[in-house]
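Everything numeric in this text was worked out from a predicted model, so none of it was measured. What's counted below: heavy atoms across the whole structure, side chains too, no hydrogens, waters or symmetry copies. In what follows, every chain begins at residue 1, and chains take the letters A, B, ... in the order their sequences are listed.
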Protein chains: 2
Amino acid sequence: MAKKKDIPGDLSTEEKIKEAARKVFTQKGYAATRTRDIAEEAGINLALLNYYFRSKEKLFEIVIMEKMQLLLGKIGPVLANEKTTIEEKVAEVSEHYINTLLSNPDLPLFVLAEIKNNPDKFANLIKTKTKIVDSAFFKQLAARRPDIDPLHFIFNMLGLIIFPFIGKPLLQLITGITSERAITLINERKKLIKIWFQAMLETP
Amino acid sequence: MAKKKDIPGDLSTEEKIKEAARKVFTQKGYAATRTRDIAEEAGINLALLNYYFRSKEKLFEIVIMEKMQLLLGKIGPVLANEKTTIEEKVAEVSEHYINTLLSNPDLPLFVLAEIKNNPDKFANLIKTKTKIVDSAFFKQLAARRPDIDPLHFIFNMLGLIIFPFIGKPLLQLITGITSERAITLINERKKLIKIWFQAMLETP
DNA sequence: AACAATATTAATCAAATGATTAAAATATTT
DNA sequence: AAATATTTTAATCATTTGATTAATATTGTT
């Protein structure tokens, strides 16, 4: 009697719409997405979208919050861990995010564009969730390299991990490599970033 | 009798529209931009936009090509130079792009999003303009580190330079730093990236 | 089976949006 | 100054788009 029934192979209508919304929103962004695109992708009547989710805006809210969590959920706890070394944290973050982004390649551009469009909306969510500057990682970096702002190393780590995903279309154009080759390279980076990060830490 | 007159302080109408289009398009992207926004920003009647540029699409074309050139015009020649070392190239690219992006912080997200939406459109433009894989830089990297694909170092250099601009809104949220502090840090990177890059090259 | 609740559809609405038109204003040429 | 070309405006169009409605179908309950 609730909203849906558990259907054997198929998803519930509500879930089909959400799944389609995830796909279309992350691919094209909020503004370029038509509710009709989502309906078509989900294989449902347009009116159903509003029946279940009230509005494009409300549906988007659900998707963006999910994706935000996917992009930011892991990093806080890893960096907060008092018991691991800098190197271990970098390795853990690299591996986790490269894997996550290989499955969700549009995620960074989507989330970063949305944050840029609407920074205030996520202020609370993120501030409570991800306390980078008080983290063990931050303190460890400050202790190891008192001469360089730890934020630089945060930039570096995230840049080395995330940039290939954002820059992939451009880099394919200017280098001519295939998508598969790019993915192979990105996979190699799981091990390389750890080494490079260490090298940057030990710089004179 | 041509399109415009050279007016003392003010810009010609055509240039006012283009300038407004640059601002609004790069800030909000193609889909989220209303031609009325551009008209208002330019302080002109909406019909004038179509009078001078025929359509939103055509106006956008002009802007995106300009911005593409701004983002990609410099890198090819610098990396092609047979007479400079790896380190000199990295220094030159870092300094040039950090300066350029400090004046055009929305540029990378704007161009990268557009390339992602429409890769084929820019294929010709970029392929002829930016031959990375045949560049002196590429060969120098391959000679210095035969064990690592030179593309990794391209990823690294561009990631270290560009990512802070794309990730700035996010990083401000998760670290709480001000925009000014972020800009100060980014400025520091002009010198740091050179050092870090060298450290990554000399990794065991 | 009868009834009620829930889900789905086709048709339609109202507002937003890119574009055009016809007239008015301004500048340029003769 | 008259005539012509160019620029600018207000009004309007046609389409797209998010959303609603009223009717129909399906599912669940008694």
Side-chain atoms of B:Leu48 come closest, of C:dA19, D:dG18, D:dT8, to D:dT8
Distance check needed: C:dT17 C1' versus B:Phe60 CZ, whole Å only. 17 Å
If the threshold is 4.0 Å, N to carboxylate O, is there a salt bridge linking A:Asp149 and B:Arg181? yes
Write down the distance between NZ (B:Lys56) and C1' (D:dT16), rounded to a whole number of angstrom. 12 Å
Between P of C:dA19 and CD of B:Glu57, the distance in whole Å: 9 Å
Between P of C:dG18 and CD1 of B:Ile44, the distance in whole Å: 13 Å
Under 4.0 Å between a side-chain N/O of A:Thr35 and OP1 or OP2 of D:dG18, yes or no? yes
Below 4.0 angstrom from OP1 or OP2 of C:dT17, is there any side-chain N or O of B:Arg34? yes
Tell me which nucleotide among D:dT21, C:dA19, D:dT7 gets nearest to the side chain of A:Ala47. D:dT21
Do the rings of B:Tyr30 and B:Phe25 sit parallel, tilted or perpendicular, given the 30° and 60° boundaries? parallel
With a 3.5 Å distance limit and no angle check, can you tell me whether A:Arg36 reaches the backbone of A:Leu46 through a side-chain donor-acceptor pair? no
Regarding A:Leu46, tell me which of base, sugar-phosphate or nothing describes its non-hydrogen contacts under 4.0 Å with the strands shown. base
Taking NZ from A:Lys58 and P from D:dG18, how many angstroms apart are they, rounded to a whole number? 15 Å
By nearest atom, which of the nucleotides C:dT8, D:dA19, D:dT8 is closest to the A:Ser55 side chain? D:dA19
Nearest to side-chain heavy atoms of B:Asn50, which nucleotide of C:dT9, C:dG18, C:dT20: C:dT20
Say whether, by atom type as modelled, one donor and one acceptor occur between the side chain of A:Lys194 and the main chain of A:Glu88 under 3.5 angstrom. no
May I have the distance from B:Glu40 (atom CD) to D:dT9 (atom C1'), rounded to whole angstrom? 16 Å
Figure out the CD1/P separation between A:Ile38 and D:dA19, and round it to whole Å. 10 Å
Distance below 4.0 Å between A:Tyr52 side-chain N/O and C:dT8 OP1 or OP2: yes
Examine D:dT8: is either OP1 or OP2 under 4.0 Å from a nitrogen or oxygen in the side chain of B:Thr13? Give yes or no. yes
Look at the side-chain N and O atoms of A:Asn45 and state whether any lies under 4.0 Å from the OP1 or OP2 oxygen of C:dT8. no
Are side-chain N/O atoms of A:Thr33 and A:Lys56 paired as donor and acceptor at under 3.5 Å? no
Look at the side chain of A:Arg36 and decide which nucleotide, out of D:dT17, C:dT21, C:dT8, has an atom nearest to it. D:dT17
Separation of C:dT17 P from B:Leu49 CG (nearest whole Å): 15 Å
Taking the minimum atom-to-atom distance to the side chain of A:Tyr51, which one of D:dT6, C:dT6, D:dA19 wins? C:dT6
